[in-house]
Amino acid sequence: MLRYESLILAHPNITSDDELKLQEYFKQLATNAKGEFISFDKWGKYTLAFPVNKQDYGVYFLIRYEIPSSVVVSTLKDLDLFFKIKFNEVVMRYVNRRLDANVSLEYQKPEPLGSMTRNVVYDENKEDMADDSDDNERD
Amino acid sequence: MSRLKLKVSSRLLRKKKVRKKAFTGSKTCRFCASREQERSLDYKNTNLLKGFITERGKILPSRVSGNCSFHQRELSREIKVARAIALLPFCPLHR
């Protein structure tokens, strides 16, 4: 059995139905290949490092599964066709990578790039607080 | 001849020494040094990878970062994968 992971960059306006379809597809893929479905993680909405398909944001999914070595080529081909033909509009980019079976499944989620500068929300209360503190200092 | 040669060479030597000092520090491959760092070398770990690219998004050479050739190759592979999935930029201004 070989352990694989797929990181998918999906359209920011992906619906919950499409997410379920994705998850079910990967479960089916693993079961059809007589493998094992390990995990399906949704990272959430991220600011992309550069626009992809004219989109500044994207939703990442990390999916892990195990498949026997004899059917690796055919299953990865199926996956490729699925992303390019059926889920063409939803999946913008993807990466398939083989993992070491001995290494633990822990990983570090990346921080969204530029989220601190872009997602600044104007808070009136904070502004008022700042003004008050300035006044107190003057007094 | 010998005196002339001595004069020139002493001046050059001083310059060379200064240059050598500037380039040679105690650089070691941090991935060889610790097992944990080696495990954390992954295309998803952008916090680590960001430390090995310049402001312009270029991959730092091993003579600057101090990585061994094996880990430099691995690192550059991971950075390229992270770029492909839009976790890291190719260049600073994409717009």
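Predicted model, so just to flag it, every value in this text is computed and none were measured. Proteins get letters first, then strands, A, B, ... in listed order; numbering begins at 1 in each. The analysis underlying the following values was restricted to heavy atoms, covering all of them including side chains, and did not include hydrogens, waters or symmetry mates.
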(message) Using 0.5 Å steps for rounding, measure from the NZ atom of A/Lys109 to the CG atom of B/Asn47.
(response) 13.5 Å

(request) Kindly work out whether a path of hydrophobic side-chain contacts (I/L/V/M/F/W/Y, heavy atoms less than 4.5 Å apart) joins B/Tyr43 to B/Phe90. (result) yes

(message) Are A/Val52 and A/Val90 connected into the same hydrophobic cluster when the rule is that any two of I, L, V, M, F, W, Y join if their side-chain heavy atoms are below 4.5 Å apart?
(response) no

(request) Measure the shortest side-chain to side-chain distance between B/Leu48 and A/Gln108 over non-hydrogen atoms and say whether it is less than 4.5 angstrom. (result) no

(message) Return the OH to CG distance between A/Tyr107 and B/Asn45, rounded to the nearest 0.5 Å.
(response) 12.0 Å

(request) Please look at B/Arg83 and chain A and tell me whether the side chain, the backbone, both or neither of the residue comes under 4.5 angstrom of a heavy atom of that chain. (result) backbone

(message) Are A/Leu76 and A/Val71 connected into the same hydrophobic cluster when the rule is that any two of I, L, V, M, F, W, Y join if their side-chain heavy atoms are below 4.5 Å apart?
(response) no

(message) Rounded to the nearest 0.5 Å, what separates atom OH in A/Tyr60 from atom CD1 in B/Ile85?
(response) 6.0 Å

(message) Check for me, please, whether A/Val72 and A/Leu99 land in the same ILVMFWY cluster - side-chain distances under 4.5 Å, paths through other members count.
(response) no

(request) Identify which part of A/Val95 has an atom lying under 4.5 Å from any heavy atom of chain B, answering side chain, backbone, both or neither. (result) both

(request) Give a yes or no answer on whether the side chain of A/Arg93 reaches the backbone of B/Ala86 with a donor-acceptor pair at less than 3.5 Å. (result) no

(request) Nearest 0.5 Å please: distance from the CG atom of B/Leu87 over to the CZ atom of A/Phe50. (result) 9.0 Å

(message) Is it the case that over 12 heavy atoms from other parts of the model lie below 6.0 angstrom from the CD atom of A/Glu89?
(response) no

(message) So B/Lys44 and A/Arg97, do their side chains get closer than 4.5 Å, heavy atoms only?
(response) no

(request) Specify the closest pair of heavy atoms between B/Leu88 and A/Ala49, including all atoms of both residues, with the distance to one decimal. (result) C-CB, 3.4 Å

(request) Could you please state which residues from residues 7-30 of chain A sit under 4.5 angstrom from chain B, measuring non-hydrogen atom to non-hydrogen atom, sorted by number, or 'none'? (result) A/Leu7, A/Leu9

(request) State yes or no: do A/Leu62 and A/Leu79 share one hydrophobic cluster built from I, L, V, M, F, W and Y residues joined by side-chain heavy-atom distances below 4.5 Å, directly or via other members? (result) no

